[in-house]
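What's counted below: heavy atoms across the whole structure, side chains too, no hydrogens, waters or symmetry copies.
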Amino acid sequence: EVQDVADFVGDSLALSQKAAATDADIILFAGVHFMAETAKILNPQKKVLIPDLDAGCCLADDCSAERFADFLKDYPNHTILSYINCSAGVKALSDIIVTSGNALKIVKSLPENEKIVFAPDKNLGHYICQTLGREMVLWDGVCHVHDRIKPEQIASLRNEYPDAQVIAHPECRSEVLALANFVGSTAAMLKHVAQSQDKTFIVVTERGILYELTKQNPGKIFIPVNASVNGFDGCRSMKLNNLDNIYQALVTEQPELILDDELSRKAKKAIDRMLSY
C-alpha cells in the first residue's frame, strides 16, 4: 500500500537520481534514515520529510562516523568507497559513494593498483572483489536480513522447486551467492525477471521486492526465502513506514530531516562523483 501511493518506487541508485532531478518543494522519503539524508544532501534548500525518524538501517547504525574515522587512520593513501547504506557522516569521509547497482562499474573504472577501503557491507565488498579479482580493505558490517540467509535454505527450496531460477542480492553471503543463477541489485533483478523466459524464481532478498515483481510479471511465480531477524521476516525499519504516518507527515510537514550544512557539502562531493558515472 505504501508503494501504491508513491510517485516513484526504486532502488537506492534510482532514488538518488530521482531526488537529484526533482523540482518538488518537498520530498517525502518513505524509506529509512540514510535514504532521506541522501535526498537532503542533494537538495539542501528543499524540505525533506521522513514518516518515522526511528527507521534506521543496521548497516548505517553499525558504522558510525567516529568509528569509521578511527578505522581509516590505519589506511592512509586509500580511496574510500562507501555503500550508500551509510550515514551522512560516513559519506562525508568518503571519496565515492556506490550502490549495489553501480558498485562493479565504479570499482572497475579505478586503476587496478589503487588502494581501496570499502564500507560498510563486507558481503557486497566480497562480491565485488570476487567478481572483479580486486583486493579491498573491508569494514566488518552486514545487513542483518541478508546475512541471516543460509545456503541450506537455498538448497532446500531448489529441491522443492527444481525448475526455479535463484536470484539474489549481493548483500547476501558469498556461499549463498554461489548458488544463485543471477546476482544483482533490486533494479537489476526486476529487469532480469522481466526478460527471462523462466516462470518460477526463488527470490533471495528482502520481501519488499515481491510486490513489484508480481505486479510487473503476472503469471510468474516467486518463492521468497525466509530472511527473519528475531522472528520478523524482513526489514523491520522499512516496515515502520505506513499510510498513517505518511499521511500525518504530509499534513504536518513533520518530521523534517535537518542536516548540518558543512556535513552535507562534504557528503555531496562523494555522491556527486557516483552520479557522474
Working to the nearest 0.5 angstrom, can you tell me the gap between [X] [atom1] and [Y] [atom2]?
X	Y	atom1	atom2	answer
Leu59	Ser82	CG	OG	11.0 Å
Glu171	Glu206	CD	CD	10.5 Å
Thr214	Ile209	OG1	CD1	10.0 Å
Leu93	Cys63	CG	SG	9.0 Å
Leu81	Ile97	CG	CD1	8.5 Å
Asn102	Ser109	CG	OG	9.5 Å

Would you say that [X] contacts [Y] through its side chain, given a criterion of any heavy-atom pair below 4.5 Å between the two side chains?
X	Y	answer
Leu124	Asn85	no
Tyr127	Leu104	yes
Leu177	Gln130	no
Asn181	Ile167	no
Met274	Ser16	yes
Glu212	Thr186	no
Tyr277	Val98	no
Asn242	Pro51	no

### Task
Could you note down all residue pairs passing salt bridge (charged side-chain N to carboxylate O under 4.0 Å, His left out) where residues 27-53 supplies at least one of them, sequence neighbours left out?
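Counting only pairs at least two positions apart or across chains, the salt bridge (charged side-chain N to carboxylate O under 4.0 Å, His left out) contacts touching residues 27-53 are Lys47-Glu253.
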### Message
Enumerate the salt bridge (charged side-chain N to carboxylate O under 4.0 Å, His left out) contacts for residues 265-277, please, sequence neighbours excluded, ordered by first and then second residue.
### Response
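For residues 265-277: Glu262-Arg265, Lys268-Asp272.
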Okay, side chain of [X], backbone of [Y]: is any donor-acceptor separation there less than 3.5 Å?
X	Y	result
Lys91	Cys86	yes
Thr38	Phe34	yes
Asp147	His144	no
Lys220	Ser196	yes
Asn245	Leu240	yes
Asn43	Ala19	yes
Asp198	Thr200	no
Asp95	Ile80	yes

ILVMFWY network linking [X] to [Y], side-chain heavy atoms under 4.5 angstrom:
X	Y	result
Leu243	Tyr247	no
Val193	Val203	yes
Val5	Ile27	no
Leu257	Ile271	yes
Val183	Ile106	yes

### Task
Walk me through it: do Asp62 and Val142 pass the test side-chain contact (heavy atoms from CB on, under 4.5 Å)?
CA-CA 9 Å; Asp62 292 345; Val142 295; over 6 Å; no
Which residue pairs pass the ring pair (Phe, Tyr, Trp, His ring centres under 6.0 Å) test with at least one member in [range], sequence neighbours excluded?
range	result
residues 68-117	Phe68-Trp139, Phe71-Tyr75, Phe71-Trp139, Tyr75-His78
residues 149-169	His146-His169
residues 182-223	Phe182-His192, Phe201-Phe222

[X] [atom1]: over 12 foreign heavy atoms closer than 6.0 Å:
X	atom1	value
Lys150	NZ	yes
Asp4	CG	yes
Lys215	NZ	yes

### Message
Suppose clustering is done on Ile, Leu, Val, Met, Phe, Trp and Tyr with side-chain heavy atoms closer than 4.5 Å. Which residues sit in the same group as Ile258?
### Response
none
### Query
In terms of side-chain geometry, is the basic nitrogen of Asp70 or Arg67 positioned less than 4.0 Å from the acidic oxygen of its partner?
no
### Query
So does Glu175 pair up with Arg173, basic N to acidic O under 4.0 Å?
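A salt bridge is present here (some side-chain N lies under 4.0 Å from a carboxylate O).
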Smallest separation among heavy atoms of [X] and [Y], with atom names:
X	Y	result
Gly10	Leu15	O-CD1, 3.2 Å
Ile41	Ala267	CD1-CB, 3.7 Å
Asn217	Ala194	OD1-CA, 3.4 Å
Val32	Gly56	CG1-O, 3.2 Å
Leu49	Gln254	CD2-N, 3.9 Å
Leu28	Ala249	CD1-CB, 3.6 Å

### Summary
In Val166, Leu179, Ile202, the residue satisfying side-chain contact (heavy atoms from CB on, under 4.5 Å) with Leu157 is Ile202
### Query
Run the side-chain contact (heavy atoms from CB on, under 4.5 Å) check on Thr99 and Asp11 step by step: do they pass?
CA-CA 9 Å; Thr99 72; Asp11 64 2; 5.8 Å; no
